[in-house]
Amino acid sequence: MSLVVSDFATYRQARPVQTGIAFSLSPGEALLLRGPNGVGKTSLLRALAGLGAAEGHANHNGHDLLTERAAYLEGIALSGHLDAVKPAMTVRETLAFWVDLYGAAPGNIAARFDLASLADRPAGRLSAGQKRRLGLARLPLTGAGLWLMDEPTVSLDGDNTARLTDLLSEHLAAGGMAVIASHLPLGLPDCRTLCLSPLTVGRDTDPFLEGSIA
Ligand SMILES: Nc1ncnc2c1ncn2[C@@H]1O[C@H](COP(=O)(O)OP(=O)(O)OP(=O)(O)O)[C@@H](O)[C@H]1O
């Protein structure tokens with residue numbers, strides 16, 4: 001299992017967000033993406049998940065993102081801001097849906113993020129932190145080796161941030177890999193950091209800001 005990224009560039013609406021991105025991951029390794037708001041962490045995660053415009057090379061398990069998309073995406077799971085939960089489905093229904101969808105063993109997934117007491121509540125009536133916990137519970141069910149995680153600690157309290165670190169540590173110990181955009185260090189053992197800096201495009205303001213705000 002491997003992820004090798006080189007000379008990689010991300011785009012939003014045909015404008016470059018980041019260029020020259022290079023890093024690689026082996027089994028058991030994680031990369032923390034850091035950088036100021038708007039620098040392009042989400043854009044990079046989306047591009048690596050095949051959802052955003054990109055150029056250059058991203059190779060997952062020997063398959064190139066741009067030329068072997070389906071094979072590249074095999075074994076990749078993205079955890080984004082929206083948590084992938086349907087408001088009308090209860091916690092129990094949501095977990096059962098994922099178990100069925102991914103052909104996973106349910107194990108103690110409800111207990112992992114303390115979801116058992118919320119089992120009959122529709123996801124639309126969960127608090128932000130509860131919804132985040134439910135969304136994170138999906139990742140181990142996917143069976144994916146590479147987790148792409150966008151600000152997974154947002155809305156989590158201290159106990160649940162520790163649970164997230166445990167979940168990630170187990171994933172890495174089992175030979176998984178992760179790329180995580182997070183403003184918190186997360187305390188992972190084999191974790192490198194990639195600090196993104198704003199792209200300089202010949203002006204000293206955000207290139208996405210056209211004109212000025214009156
Ligand atoms: N849907 C979009 N359409 C066009 N531009 C976008 C869109 N979403 C984000 N951008 C722009 O792309 C750039 C990178 O945004 P991105 O969300 O990747 O940054 P980020 O590092 O994840 O930020 P944050 O720390 O605030 O989550 C920013 O300049 C942002 O304004």
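Counting starts at 1 for both ligands and their atoms, following the listed order.
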- Of the backbone atoms (N, CA, C, O) and the side-chain heavy atoms from C-beta on, which set of Ala181 has a member under 4.0 Å from an atom of ligand 1: side chain, backbone, both, or neither?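 None of Ala181 does.
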
- Quick one: does ligand 1 sit under 4.0 Å from the side chain of Val39, the backbone, both or neither, non-hydrogen atoms only?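 It is both parts that get close, each with some atom under 4.0 Å.
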
- Would you say the side-chain atoms of Glu29 pair up with the backbone N or O of Leu25, donor to acceptor, closer than 3.5 Å?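 Not confirmed, Glu29 side chain does not pair with Leu25 backbone.
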
Within the 4.0 Å heavy-atom shell around [X], which atoms of ligand 1 are there?
X	result
Ser43	14 (C), 15 (O), 16 (P), 18 (O)
Lys41	18 (O), 19 (O), 20 (P), 21 (O), 22 (O), 23 (O), 24 (P), 25 (O)
Val17	14 (C)
Pro36	21 (O)

- Who gets closest to atom 23 (O) of ligand 1 by heavy atom: Gly38, Pro198, Ser182, Gly52?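 Going through Gly38, Pro198, Ser182, Gly52 one by one, Gly38 has the nearest heavy atom to atom 23 (O) of ligand 1.
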
- Query: Are Phe97 and Leu115 grouped together when hydrophobic residues (ILVMFWY) are joined by side-chain heavy atoms under 4.5 angstrom apart?
  - Reply: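 In one cluster with Phe97: Leu115, yes.
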
- Residue pair Trp98 / Gly135: nearest heavy atoms and the distance that separates them: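 Minimum heavy-atom contact is CH2-CA, 4.3 Å.
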
- Ignoring hydrogens and angles, state whether a donor on the side chain of Ser169 or Asp166 is under 3.5 Å from an acceptor on the partner side chain.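 Absent: no donor and acceptor within the cut-off.
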
- Message: When you compare the side chains of His183 and Glu151, does any donor N or O come within less than 3.5 Å of an acceptor on the partner?
- Response: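 There is such a pair (donor and acceptor under 3.5 Å, judged by atom type) between the side chains of His183 and Glu151.
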
- Message: If you measure every N or O of Gly35 against every N or O of ligand 1, does any of those distances drop under 3.5 Å?
- Response: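 Among all N and O atoms of Gly35, none is under 3.5 Å from an N or O of ligand 1.
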
- Message: Nearest 0.5 Å, please: how far is CG in Asp150 from NZ in Lys41?
- Response: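 Reported value, rounded in 0.5 Å steps: 8.0 Å.
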
